[in-house]
Amino acid sequence: MPSRFALVLSARTLLPKAGATAAELLAPFGASVGEFVPSGDSRYEVLTAAVELDDARLTEARGALAALGEAEAALVPARVQEAASKFLIMDVDSTLIQQEVIELLAEHAGKRAEVAAVTEAAMRGELDFAQSLHARVRTLEGLPVEVIDRVREAVLLTPGAAELVSAFHSAGHAVAVVSGGFNQILAPLADRLSLDFWRANELEIVDGRLTGRVVGEVVDRAVKEHSLRAWAAERGVPLEACIAVGDGANDLDMLGAAGLGVAFHAKPAVRAAADAAVDLPYLDVVRHFAGV
């Protein structure tokens with residue numbers, strides 16, 4: 001028996017035949033595609049249609065939609081869009097915000113290039129995240145605590161991030177972030193966005209200087225997944241109604257546990273594992289996946 005999905009197409013400008021082309025691409029898999037409903041705004045256009053498709057053909061169907069070219073396509077389980085209570089959880093660096101905070105900090109130690117190379121390898125899944133984090137944080141040893149203030153001022157939200165959080169909150173849904181970054185940077189952002197839950201690593205500071213160490217358990221991929229499960233359970237939201245968004249290997253377990261895992265400007269391994277991908281520069285495209 002076919003399952004129900006929402007087909008969501010998005011692009012800066014969608015071609016007039018985008019919906020018809022998507023339906024044609026899905027036809028070989030026995031998909032039934034309903035009428036497309038337009039949405040979006042001046043930044044990007046969106047078309048959404050109800051789809052009935054055999055679950056066994058889902059992976060093939062998602063692959064076929066890649067032929068749309070510049071338009072991005074997501075097949076979202078109907079249970080995600082229709083859930084009365086939803087839970088959005090996001091990565092922070094290069095997802096909620098535009099930068100990698102560890103690299104901004106390392107720049108003040110003259111180590112940005114070195115640290116950026118390690119970050120890239122870790123996000124591709126080539127290095128153990130906890131070990132790579134400890135190695136990168138060691139480069140910060142001796143920096144004055146005032147550096148944190150300067151980095152905090154340099155951090156920029158990803159376009160659409162505030163709009164995405166606001167849309168979920170306005171609809172009565174919870175929003176969380178979990179980060180391999182640092183509490184000292186995330187705390188004011190969490191307060192500014194009124195996040196329901198948040199977690200990150202803690203930089204150790206002694207006598208007004210960074211020690212080059214973190215305090216306590218490192219927030220790695222296992223911790224991210226555990227946080228999703230624990231917070232969703234606390235809110236009474238089933239995993240099938242959770243949407244997880246991230247860009248690196250550290251997010252893979254979290255994306256896999258959620259009802260919809262979204263790769264945002266992600267590394268190839270993450271794109272391949274995710275249920276949907278966003279390459280537009282606007283994080284709030286995700287609200288259309290969730291029907292919010």
request  = I would like to know whether Glu100 and Ser94 meet side-chain hydrogen bond (donor to acceptor under 3.5 Å, both in side chains); could you show each step before the answer?
outcome  = CA-CA 6 Å; Glu100 292 284 336; Ser94 297; 2.8 Å; yes

**OP:** Under the side-chain hydrogen bond (donor to acceptor under 3.5 Å, both in side chains) rule, what do Glu52 and Ser32 come out as? Steps first, then yes or no, please.
**Re:** CA-CA 5 Å; Glu52 290 191 352; Ser32 172; 5.0 Å; no

- Begin from the C-alpha positions of Asp253 and His226 and carry the test side-chain hydrogen bond (donor to acceptor under 3.5 Å, both in side chains) through to its verdict. CA-CA 9 Å; Asp253 294 356; His226 173 76; over 6 Å; no

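Shown are His108, Arg152, Arg209; of these, the side chain to side chain contact (heavy atoms under 4.5 Å, CB included) with Val147 is made only by His108. Of the residues Leu186, Val92, Ile97, the one that meets the side chain to side chain contact (heavy atoms under 4.5 Å, CB included) test with Val155 is Ile97. When the options Val286, Leu88, Val80, Leu255 are evaluated for a side chain to side chain contact (heavy atoms under 4.5 Å, CB included) with Leu260, the one that passes is Val80.
The existence of a salt bridge linking Asp251 and Arg221 is excluded, since no basic side-chain nitrogen approaches an acidic carboxylate oxygen closer than 4.0 Å.
Closest non-hydrogen pair, Leu75 versus Leu53, comes out as CD1-CD2, 4.2 Å.
The six-membered or imidazole ring of His134 lies away from that of Phe129, with a centre-to-centre distance of 6.0 Å or more.
Remark: side-chain polar atoms of Glu45 are paired, donor with acceptor, to backbone N or O of Leu14 under 3.5 angstrom. In this structure, Thr119 contributes its side chain and Val115 its backbone to a donor-acceptor pair below 3.5 Å.
Residues Glu72 and Leu9 have side chains not in contact (no heavy-atom distance under 4.5 Å, counting atoms from C-beta outward). Counting heavy atoms from C-beta outward, Val178 and Trp198 have side chains that stay 4.5 Å or more apart.
Annotation: salt bridge (Lys or Arg N to Asp or Glu O under 4.0 Å) contacts of Arg12 (sequence neighbours excluded): none.
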